[in-house]
Amino acid sequence: MPIALPRRALSRTASIASLSLLTGCDFSDHGRVQAALARVSAWNDRVQAALFNPHKLAPTFAADRAVKDFRYNAWYGPDQAPALDAADYRLRLAGLIENKQPWTVAQLHALPQQSQVTRHVCVEGWSMIGEWSGTPLRVFLERIGADLTARYVGFECADGYYEGMDMASALHPQTIMAFRLSGEILPRKYGYPFKIRIPTKLGFKNPKFVTTIYVTNQQPRGFWTDRGYNWFSGI
Ligand SMILES: Nc1nc2c(c(=O)[nH]1)N[C@H]1C(S)=C(S)[C@@H](COP(=O)(O)O)O[C@H]1N2
Ligand SMILES: [Mo]
């Protein structure tokens, strides 16, 4: 996938920074090397967030470019994917939100919706164009009286996954609560009743089977960030 020049320059700067930090370290001191790398990654997050243009759109494609048999991904097989039932599903809201009433699937489906044909990029080395439809997260956050001046939005998922993003990314016009894939109600393994579809970020920043949305000023943890990946992960 094409990477914008400034990003490439940025990652080169980051590796030079990590190199000079590393050479100042005792290589046998694993803890200190890890801490130095963590500092570079946190710095990288801050620079990426500062460079993020909230108005710049991710590329979109003609509808016939969307793959129908979309690739599935999680750390477990599709048969183990949570099977959420509309009868008892409730989306829980927490944190800096005025109206924390839980939402049913029917209420979510009644929200205004839009479609996007965008590329999903997985850090494991594959990418695929898909068509997702749903409600802009911005519309939902406004509807529930979320504090839009707060710094972050966090997500918890039915499979124990968790993610979060900065408020500017959450309010980006292409960040949606996706209820449909290829026009069909989102199948179970792809995150029923909805996934957060954010085409300006890597695949792992797109949480599926979301059960809680919260608004906070503390940076939410991320499942893969806790396992070494960069938190901001814009593309
Ligand atoms: N709840 C949950 N969300 C998740 C994941 C997961 O394991 N659990 N995996 C992430 C990763 S790494 C990718 S690439 C995409 C895969 O989504 P897909 O199955 O629709 O392709 O979901 C992301 N969101
Ligand atoms: Mo991924």
Side-chain angles (χ1 to χ4, degrees), residues 1 3 41 45 48 58-61 63 65-86 89-94 103 105 108 113 115-135 137 140 152-166 169-170 172 174-214 220-235:
M1 56 123 202
I3 301 172
S41 186
D45 279 339
Q48 284 193 71
T60 57
F61 303 89
R65 296 279 308 276
V67 173
K68 298 280 178 265
D69 187 17
F70 204 81
R71 181 159 163 172
Y72 162 84
N73 201 23
W75 74 92
Y76 49 81
D79 297 345
Q80 268 75 58
L84 300 180
D85 185 348
Y89 174 88
R90 296 291 181 277
L91 173 63
R92 213 176 69 89
L93 302 176
W103 284 59
V105 174
L108 291 170
Q113 300 195 24
S115 288
Q116 62 170 263
V117 180
T118 51
R119 188 186 293 279
H120 170 111
V121 181
C122 176
V123 77
E124 288 169 45
W126 59 274
S127 83
M128 211 169 255
I129 295 171
E131 182 195 345
W132 290 270
S133 337
T135 303
L137 184 56
F140 184 69
Y152 304 102
V153 180
F155 308 93
E156 282 165 14
C157 308
D159 59 352
Y161 199 81
Y162 46 91
E163 253 309 336
M165 58 183 65
D166 56 294
S169 296
H172 185 278
Q174 288 172 313
T175 304
I176 66 173
M177 300 161 83
F179 302 118
R180 288 174 183 270
L181 175 63
S182 303
E184 308 286 335
I185 290 289
L186 198 64
R188 169 185 161 197
K189 65 180 176 181
Y190 299 115
Y192 181 87
F194 75 93
K195 76 180 287 180
I196 297 295
R197 175 67 193 128
I198 174 161
T200 52
K201 287 189 185 292
L202 287 172
F204 73 81
K205 299 292 286 185
N206 292 242
K208 311 194 282 187
F209 338 98
V210 176
T211 51
T212 300
I213 296 182
Y214 62 98
R221 291 164 59 212
F223 184 89
W224 286 112
T225 297
D226 282 349
R227 287 154 183 81
Y229 288 99
N230 177 249
W231 187 82
F232 191 85
S233 285
I235 54 178

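When a residue number appears, it is its place in the shown sequence, counting from 1. Values in this document were obtained by computation on a predicted structure and should not be read as measured data. Just so you know, ligand 1 is whichever comes first in the structure, and atom 1 is the first atom listed for that ligand.
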(message) Measuring from atom CD of Glu131 to atom NZ of Lys68, what distance do you get when rounded to the nearest 0.5 angstrom?
(response) 6.5 Å
(message) Within this structure, what is the CZ-OH distance for the pair Phe155 and Tyr161, rounded to the nearest 0.5 Å?
(response) 11.5 Å
(message) In this structure, is the centre-to-centre distance between the rings of Phe194 and Trp103 below 6.0 Å?
(response) no
(request) Check side-chain contact (heavy atoms from CB on, under 4.5 Å) between Ala158 and all other residues, then give those that pass, not counting sequence neighbours. (result) Pro82, Leu84, Phe209, Thr211
(message) Restricting to side-chain contact (heavy atoms from CB on, under 4.5 Å), what partner residues turn up for Pro78, sequence neighbours left out?
(response) Tyr72, Lys189
(request) With sequence neighbours left out, write down each residue that passes side-chain hydrogen bond (donor to acceptor under 3.5 Å, both in side chains) with Thr118, or none if nothing qualifies. (result) Gln116, Arg197
What does the contact table look like for ligand 1 (nitrogen or oxygen on each side, cut-off under 3.5 Å)?
from     : atom 1 : to     : atom 2 : distance (Å)
ligand 1 : 1 (N)  : Asp159 : OD1    : 3.0
ligand 1 : 1 (N)  : Asp159 : OD2    : 3.1
ligand 1 : 1 (N)  : Lys208 : O      : 3.1
ligand 1 : 3 (N)  : Lys208 : N      : 3.0
ligand 1 : 8 (N)  : Asp159 : OD2    : 2.8
ligand 1 : 19 (O) : Asn73  : N      : 2.9
ligand 1 : 19 (O) : Lys208 : NZ     : 2.6
ligand 1 : 20 (O) : Lys195 : NZ     : 3.4
ligand 1 : 21 (O) : Arg71  : O      : 2.6
ligand 1 : 24 (N) : Asn206 : O      : 2.8

